[in-house]
Colleague: 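Got a structure here, written out as structure tokens. Questions coming.
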Amino acid sequence: MGLSSPTKAEASATEAQSATAASTSGLRRSMEARHLVMIAMGGVIGSGLFVSSGYTIATAGPLGAVLAFLIGAVVVYLVMACLGELAVAFPVSGAFHIYAARTIGPATGFATAWLYWLCWAVALGSEFTAAGLLMQRWFPGVDVWIWCFVFATVLFTLNAISSRVFGESEFWFALIKVAAVVGLIILGGAALTGFHPMATGDYPTFGENFSTPDGLFPNGFTGVFVTCLAVFYAFSGSELIGVAAGETANPGANIPKAMRTTVIRLMIFFVGAITVIAATIPYEKVSVDESPFVTVFSMLGIPYAADIMNFVIITALLSAGNCGLFSCARMLFSLADEGHAPQAFKKLTKRGIPLVALCVSMLGGLASLISSVVAPATVYLVLVSVAGFATVGVWMSIVASHFIYRRTFVRNGGDVNSLPYKAPLFPLVPILAFALCVVSLIGIAFDPNQVTALLFGVPFVGACYAFFYFKYGRRRSLKKALDA
């Protein structure tokens, strides 16, 4: 790679310097482990669980859907294990860019940062639009764009005040979603064992719906494989802990704690919720137009179930948008800090907020929102495809960075036991995670609904590499990496 590797003593010094640089860059270390956990939960628990889980069950069947989410949970664990070691070693804001730039190469860091920025910028527009549409259930006379403007203003304000205000708001945003998931698991699980006092008509018992007339996998194992790709995307957002690492107090203790807590909760919430839904609603009757959460709560006889879940889903969308805006701004700040974006993105407010980067990110979100209305079949389709491709691309960058970092550390005399946090079963964990991500990308080529992600995602990454080498030059970029 052309990057010199540190000895054990130098590695420790580098880690200390990284932590110091992060704390003195102007960004405030004001978030705690509970904020990190809820930021990750807020980024993950969204429409993928509340809405798209119906599609997963209809395509893979009840047992296939549960299996697909189990596979997704395993991949998330593998990625988070790699991310934990890197985030503690390099606790800087916009960390994905730093990991890739310092281990794989600066051009890869540049491409990873812009890929992830675009992913969340596009998500902002789609989430504002979806939330605005859902508000019409209660306010049919108010135009969608007005709600989009209101939500954009609220989220921008929460992010512009301070990172702690952002973390606190995301904590409560995510708590509402978590409460809905826990409620579904407890009430739905109790109903499947026979306790459903408000339900009307026949209610299924646990396991009844898993044996379908077409077997355990009604659409074959291919249905499970295809939905695994969608499930990977549903789990995206867990990596936000790495983005927030530079604004976390005591990263050596809080980041590993947040990683473990997040993975355990995601496994329980996602797998538990999909199990209850699949066991409650016959797979051939799952509606892709209605949230399975609404269907389950309605079957339980919960009053105003549709209105309650409408509120929860709006909260879920705003929570994900809140995380996305935070992530976008930190990615631009990180790029500028490395000299690969306009230096204006490094300007901070007195409270340590990269306000210019925040404004540009919000403009990116609003641009994707406009494109979803003006050119839904062209520009927006391209952006959404790249956004979907970005999730797996960033995960591959994380695990590849970890693999190279650990090998370099050991090869140059580093003692693995001296690391504050280390991923288990090296090198199996990063290799397996990378392989599963590659398989998912290959699978996209065989799915007509997702192949667009490859057709536009691969050229976009190539364009990022080409621009980097054209703008900065290979020799100049490597020199900056060596001096970092």
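Residue numbers run from 1 in the order of the sequence given. Because the structure is predicted, anything quoted here is derived from the model rather than measured.
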Colleague: Side chain to side chain contact (heavy atoms under 4.5 Å, CB included), that's the test. Do Phe389 and Leu441 meet it? Break it down for me.
Modeller: CA-CA 8 Å; Phe389 175 86; Leu441 291 180; 4.1 Å; yes
Colleague: Pro420 and Val88: which non-hydrogen atoms are nearest, and at how many Å?
Modeller: CB-CG1, 3.6 Å
Colleague: Between Arg330 (side chain only) and Leu325 (backbone N and O only), is there a donor and an acceptor less than 3.5 Å apart?
Modeller: no
Colleague: Quick one: OG1 on Thr112 to CD1 on Ile98, what's the gap to the nearest 0.5 Å?
Modeller: 11.0 Å
Colleague: For Phe110 and Phe467, take the angle between the two ring planes, folded into 0 to 90°, and tell me which bin it lands in: parallel under 30, tilted 30 to 60, perpendicular over 60.
Modeller: parallel
Colleague: How long is the straight-line distance from CG of Leu192 back to CG of Leu187, given to the nearest 0.5 Å?
Modeller: 11.0 Å
Colleague: As an exercise, state the distance from CD1 of Ile313 to CG of Leu318, rounded to the nearest 0.5 Å.
Modeller: 12.0 Å
Colleague: Parallel, tilted or perpendicular: which one describes the rings of Phe206 and Phe210, with boundaries at 30° and 60°?
Modeller: tilted
Colleague: State, yes or no, whether a side-chain contact exists between Ile104 and Ile404 at a heavy-atom distance under 4.5 Å.
Modeller: yes
Colleague: Rounded to the nearest 0.5 Å, what's the gap from CZ on Phe345 to CE on Met331? Could you check?
Modeller: 14.0 Å
Colleague: So, Ser319 versus Lys177: side-chain donor-acceptor pair below 3.5 Å or not?
Modeller: yes
Colleague: Just wondering, do Lys422 and Asn417 contact through their side chains at under 4.5 Å, heavy atoms?
Modeller: yes
Colleague: Can you find a heavy atom in the side chain of Trp117 that is under 4.5 Å from one in the side chain of Ser361?
Modeller: yes
Colleague: Between the side chain of Thr193 and the main-chain N/O of Ala190, is any donor-acceptor distance below 3.5 Å?
Modeller: yes
Colleague: Any donor-acceptor pair under 3.5 Å linking the side chain of Asn159 with the backbone of Leu155?
Modeller: yes
Colleague: Begin from the C-alpha positions of Val182 and Phe269 and carry the test side chain to side chain contact (heavy atoms under 4.5 Å, CB included) through to its verdict.
Modeller: CA-CA 7 Å; Val182 172; Phe269 292 161; 3.7 Å; yes
Colleague: With under 30° as parallel and over 60° as perpendicular, where do the rings of Phe426 and His402 fit, or are they tilted in between?
Modeller: perpendicular
Colleague: Tell me, do Leu115 and Cys464 make a side-chain contact under 4.5 Å, heavy atoms counted?
Modeller: no
Colleague: Compute whether any side-chain donor of one residue and acceptor of the other, for Thr108 and Tyr465, lie under 3.5 angstrom apart.
Modeller: yes
Colleague: To check you understand the geometry: which heavy-atom pair defines the closest contact between Val231 and Gly72, and what is its length?
Modeller: CG1-CA, 4.0 Å
Colleague: Do Leu70 and Val74 come within less than 4.5 Å of each other through their side chains, counting heavy atoms only?
Modeller: no
Colleague: Yes or no on side chain to side chain contact (heavy atoms under 4.5 Å, CB included) for Trp114 and Leu332, after CA distance, side-chain angles and deciding distance?
Modeller: CA-CA 8 Å; Trp114 279 111; Leu332 293 184; 3.5 Å; yes
Colleague: Of the non-hydrogen atoms in Tyr405 and Glu85, which two are nearest, and what is the gap between them?
Modeller: CE2-OE2, 3.6 Å
Colleague: For residues Ala279 and Asn209, report the shortest heavy-atom separation together with the two atoms involved.
Modeller: O-ND2, 2.8 Å
Colleague: Using 0.5 Å steps for rounding, measure from the CG atom of Leu358 to the CG atom of Leu348.
Modeller: 11.5 Å
Colleague: Tell me whether Ser440 contacts the main-chain N or O of Cys437 through its side chain, where contact means a donor paired with an acceptor under 3.5 Å.
Modeller: yes
Colleague: Start with the C-alpha distance between Leu184 and Ile277, add both sets of side-chain angles, then the distance that settles side chain to side chain contact (heavy atoms under 4.5 Å, CB included), and finish with yes or no.
Modeller: CA-CA 8 Å; Leu184 177 90; Ile277 292 170; 3.8 Å; yes
Colleague: Mark yes or no for whether Asp337, through its side chain, and Phe333, through its backbone, hold a donor-acceptor pair below 3.5 Å.
Modeller: no
Colleague: Between CZ of Arg102 and CG of Leu86, what distance do you get to the nearest 0.5 Å?
Modeller: 11.5 Å
Colleague: Does any non-hydrogen side-chain atom of Phe326 lie less than 4.5 Å from one of Asn322?
Modeller: no
Colleague: For a quick test of reading the model, state the closest non-hydrogen atom pair linking Ile185 to Gly272 and the distance between them.
Modeller: CG1-C, 3.9 Å
Colleague: Is there a side-chain contact between Val76 and Met267 in this structure, where contact means two heavy atoms from C-beta onward sitting under 4.5 Å apart?
Modeller: no
Colleague: Report yes if the distance between the aromatic ring centroids of Phe235 and Phe270 is under 6.0 Å, otherwise no.
Modeller: yes
Colleague: Test of understanding: with ring-ring contact (aromatic ring centres under 6.0 Å, His included), list the residues that count as partners of Tyr283, not counting sequence neighbours.
Modeller: none
Colleague: Is any side-chain heavy atom of Tyr99 less than 4.5 Å from a side-chain heavy atom of Leu83?
Modeller: yes
